[in-house]
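I have placed the structure first, in the form of structure tokens, so that the comments after it can refer back to it.
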Amino acid sequence: MSKSQSAAKQHKGQLERLQKKDPEFYQYLQEHGKDLLTFDDEDIDDDAEDVDIDMEDEETQLDDETDIPDEEKKPSKNVLTTEMVNSWCKSIREDEKLSAVHSLMKAFRTACHYGDDTGNDSSAKFTTMSSSVFNKIMLFTLSEMDRVLRKLLKLPSSGGKRETITELMNTKQWKNYNHLVKSYLGNALHVLNQMTDMTMISFTLRRLQYSSVFLSAFPSLLRKYIKVALHFWGTGGDALPGVSFLFLRDLCIRLGSDCLDECFRDIYKAYVLNCHFVNAAKLQHIQFLANCIIELIRVDLPTAYQHAFVFIRQLAMLLRDALNMKTKEAFRKVYEWKFINCLELWTGAICTFSTEADFRPLAYPLTQIIYGVARLVPTARYFPLRLRCVRMLNRISASTGTFIPVSMLLLDMLEMKELSRPPTGGVGKAIEANVEFTNERRASVTFLPNDSAATSFLEDEKKTGTSPLSQYVITLRQRAHQRNDSMMESSVVVGENSSVFGRKLDQIPDSDEEDDTRNEDGASVFSSSWLPGGNSSSDEDEGEDGDGDVSESDTSFGEDGKGEHVGGSSRQRNKKQKPKNLSNKNVRSRHHAKNNKSKKRKRAA
């Protein structure tokens, strides 16, 4: 180019001036560095031509790269194949090679971050994989990595406490292999945020529960895991809330004070957020959440007492504001489902731990709050709320063995002015209709001494239930029966054993000894043909089953899957952070499941 020619000529002029200014130094250069001085204009032209050729080559190379798709630009050595994963798994199982563990962890990181918009990451060893390879890596790593890490760190095969990890952090093994532990837990947390299928999330959390003790060495990861588990506990479906709670409970048992305070505080906040509204479908879920909190309190009663005292004091402050301000807004803060459900929660907790000296003192302040709530607005509109408060007081009285007078709350209801008015609507209409019905039947009977109809007056109507009042009572009983059935079909036990977990939690293994069946469960979970991030370049690997650990089915990651209630928005991920090509199989499968459920209900009806 002209610029390079002018630069070369300028340099030649400088050498000529150097010859005139300092002939001795120029002579020295001629003797010892003759090659630096012997060039002419042809060399300048040749250099210019070389530059032009290089620039043209670079331009053509850029043009060629824009035409080549991304799959063809990536070198073949970055493609993960089934044979590679099988060889690593075999080496880990049989020979316990450390190099295979490192390779598998790099592949696990690639699988967990596959489809993320991270740009061209030159440090990534692997960039592409098929769906079968993805499933095999996830299944093997989640199932075996805890055993591998414990063996490298010379820990027991299961269990462990915070003190165990504290002592381990001063050893040589921890300094050599702690990066593997952090990589495993960190990447697993990332993929948990990406998943939407409840079954996959449940399996992943269940496997991570075995390694939860390692989180004591990484406080930042511990806080993130607690946040994720609480989100799934409050908004998840199927067995996911139970699995999430067992994960949190295991954390509190193993780590103690490192996470107890945070778990107690955050789980109560999650409960409050999820009990704003109550309907027939959500009632069982709220009862389940309350039972979980009561079970978590059992882990450490002295610590739980401190938090329970603060939360009950907050309820008392809301009641005090309502008594002092006497405004609709202040009354609304007390007479709402959130406040009443919190009273029910602490009533259940005190009834469960009434014999414990650490928790029994909370019965008196809670009783005073319930009394104040019942008498806050003495109108017939809040009769159901007053009766509910009486029931809570009776439960506390029965469990603590103390006398709590509730007769005044019931007798005041009989003296309210609303009861002296003619009945309107609901029961009132049924009573009026029943009076007319009875008068019509009485007019048809003479009531003479020898009249047999007088002795059997309204007996037939009572047996058949044809009177308006009988029909109304039957309707109320049907509604109560449906409500009780809805409660008993939930995942919790209702009644005097309400703090005991029901069927769903009983089906979840909560000990390391039930570890033998985890691979069968995982093989059915991670058997999706879907791969995050779109189509892979290694099409020849798709459909491979490898050594039989992975099989094809309709299980897939979905786009939705989060709870529809409070807390879902806080966990929604940015579109850039989601996998590029999410499958719609999960949405179709859920729609199909809903149709099946509706058909079954129609048949039952």
Side-chain angles (χ1 to χ4, degrees), residues 227 230-236 241 245 263-297 304 307-352 362 365-377 379 381-393 395-396 483 486-487 490 492 494 498-499 562-571:
K227 185 177 180 181
L230 284 173
H231 167 69
F232 292 140
W233 172 74
T235 61
F245 171 73
C263 282
F264 280 137
R265 182 171 56 254
D266 292 347
I267 199 171
Y268 182 72
K269 290 180 181 178
Y271 172 80
V272 172
L273 289 174
N274 281 277
C275 66
H276 275 285
F277 307 101
V278 174
N279 51 36
K282 202 175 179 183
L283 185 61
Q284 54 183 328
H285 181 64
I286 294 175
Q287 182 68 39
F288 169 78
L289 298 181
N291 289 346
C292 287
I293 295 178
I294 295 173
E295 187 67 21
L296 191 65
I297 290 173
H307 290 277
F309 180 85
V310 173
F311 297 142
I312 292 176
R313 182 174 177 272
Q314 292 175 355
L315 299 178
M317 293 174 65
L318 290 175
L319 178 61
R320 183 192 63 184
D321 293 341
L323 291 172
N324 294 335
M325 299 173 64
K326 295 183 179 180
T327 60
K328 290 184 178 180
E329 185 64 27
F331 290 154
R332 190 177 296 112
K333 290 182 179 180
V334 176
Y335 282 178
E336 63 178 354
W337 279 115
K338 179 172 64 175
F339 192 95
I340 302 303
N341 285 325
C342 290
L343 291 179
E344 292 278 4
L345 167 64
W346 297 120
T347 300
I350 290 174
C351 292
T352 304
L362 292 174
L366 183 65
T367 300
Q368 296 298 319
I369 294 173
I370 296 174
Y371 249 107
V373 171
R375 308 187 69 167
L376 180 61
V377 182
T379 59
R381 178 181 181 182
Y382 297 105
F383 277 1
L385 175 62
R386 177 171 288 208
L387 294 175
R388 188 163 186 167
C389 291
V390 170
R391 185 178 62 181
M392 286 188 282
L393 292 174
R395 288 178 60 191
I396 296 174
R483 188 162 54 247
S486 176
M487 290 293 296
S490 69
V492 294
V494 184
S498 60
S499 62
K562 301 293 183 186
E564 61 180 355
H565 300 296
V566 178
S569 60
S570 64
R571 299 295 308 167

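We're numbering straight along the sequence, starting at 1.
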Let's go through Tyr382 and Leu376 carefully: what are the C-alpha distance in whole Å and the side-chain angles of both, what is the deciding distance for side-chain contact (heavy atoms from CB on, under 4.5 Å) to 0.1 Å, and is it a yes or a no?
CA-CA 10 Å; Tyr382 297 105; Leu376 180 61; over 6 Å; no
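- Residues Ala349 and Ile297 approach most closely at CB-CD1, 4.1 Å, considering heavy atoms.
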Is there a side-chain contact (heavy atoms from CB on, under 4.5 Å) between Ile286 and Asn274? Walk through the geometry before answering.
CA-CA 7 Å; Ile286 294 175; Asn274 281 277; 5.9 Å; no
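- When atom types are taken as modelled, the side chain of Tyr271 and the backbone of Asn341 share a donor-acceptor pair closer than 3.5 angstrom.
- Atom CZ of Arg313 has 12 or fewer heavy atoms from other residues, nucleotides or ligands within 6.0 Å.
- The aromatic rings of Tyr268 and Phe311 lie parallel to each other, with less than 30° between the two planes, well short of the 60° mark.
- Among all heavy-atom pairs drawn from Leu362 and Ala308, the shortest one is CD1-CB, 3.7 Å.
- The number of heavy-atom neighbours closer than 6.0 Å to CZ of Phe383, taken from other residues, nucleotides and ligands shown, is above 12.
- How far CZ of Arg395 is from CD of Glu344: 6.0 Å, rounded to the nearest 0.5 Å.
- You'll find the side chain of Ile340 reaches within 4.5 Å of the side chain of Val373, heavy atoms only.
- Considering SG of Cys275 and CD of Gln287, their distance stands at 12.0 Å, rounded to 0.5 Å.
- How far CD1 of Ile312 is from CD1 of Ile350: 5.0 Å, rounded to the nearest 0.5 Å.
- Here the straight-line distance linking atom CZ of Arg388 with atom CD1 of Ile370 works out to 11.0 Å at 0.5 Å rounding.
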Output, in order, the C-alpha distance, side-chain angles, deciding distance and verdict of side-chain contact (heavy atoms from CB on, under 4.5 Å) for Leu385 and Val377.
CA-CA 10 Å; Leu385 175 62; Val377 182; over 6 Å; no
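- Within the model, atoms CG of Leu366 and CE of Met392 stand 8.0 Å from one another, a figure rounded to the nearest 0.5 Å.
- Without hydrogens or angle criteria, His285 side chain to Gly234 main chain gives a donor-acceptor distance under 3.5 Å.
- Closest of all the heavy-atom pairs between Ala322 and Phe331 is O-CE2, 3.4 Å.
- Judged by distance alone, with hydrogens and angles left aside, the side-chain atoms of Lys227 form no donor-acceptor pair with the main-chain N or O of Asp266 at under 3.5 Å.
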Step by step, would you call Leu318 with Gln314 a side-chain contact (heavy atoms from CB on, under 4.5 Å)?
CA-CA 6 Å; Leu318 290 175; Gln314 292 175 355; 5.9 Å; no
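- Atom OG1 of Thr352 sits about 9.0 Å away from atom CD of Glu295, to the nearest 0.5 Å.
- Side-chain contact check for Phe245 versus Leu289: every heavy-atom pair is 4.5 Å or farther apart.
- Between Lys333 and Asp321 the shortest side-chain heavy-atom distance does not fall below 4.5 Å.
- Between Ile267 and Ile293 the shortest heavy-atom distance is O-CD1, 4.0 Å.
- When side chains are defined from C-beta on, Arg386 counts as touching Arg375, because their heavy atoms get closer than 4.5 Å.
- Using a 4.5 Å heavy-atom threshold, the side chains of Ile369 and Trp346 count as separate.
- Thr347 is not listed as a side-chain neighbour of Leu393, based on a closest heavy-atom distance of 4.5 Å or more.
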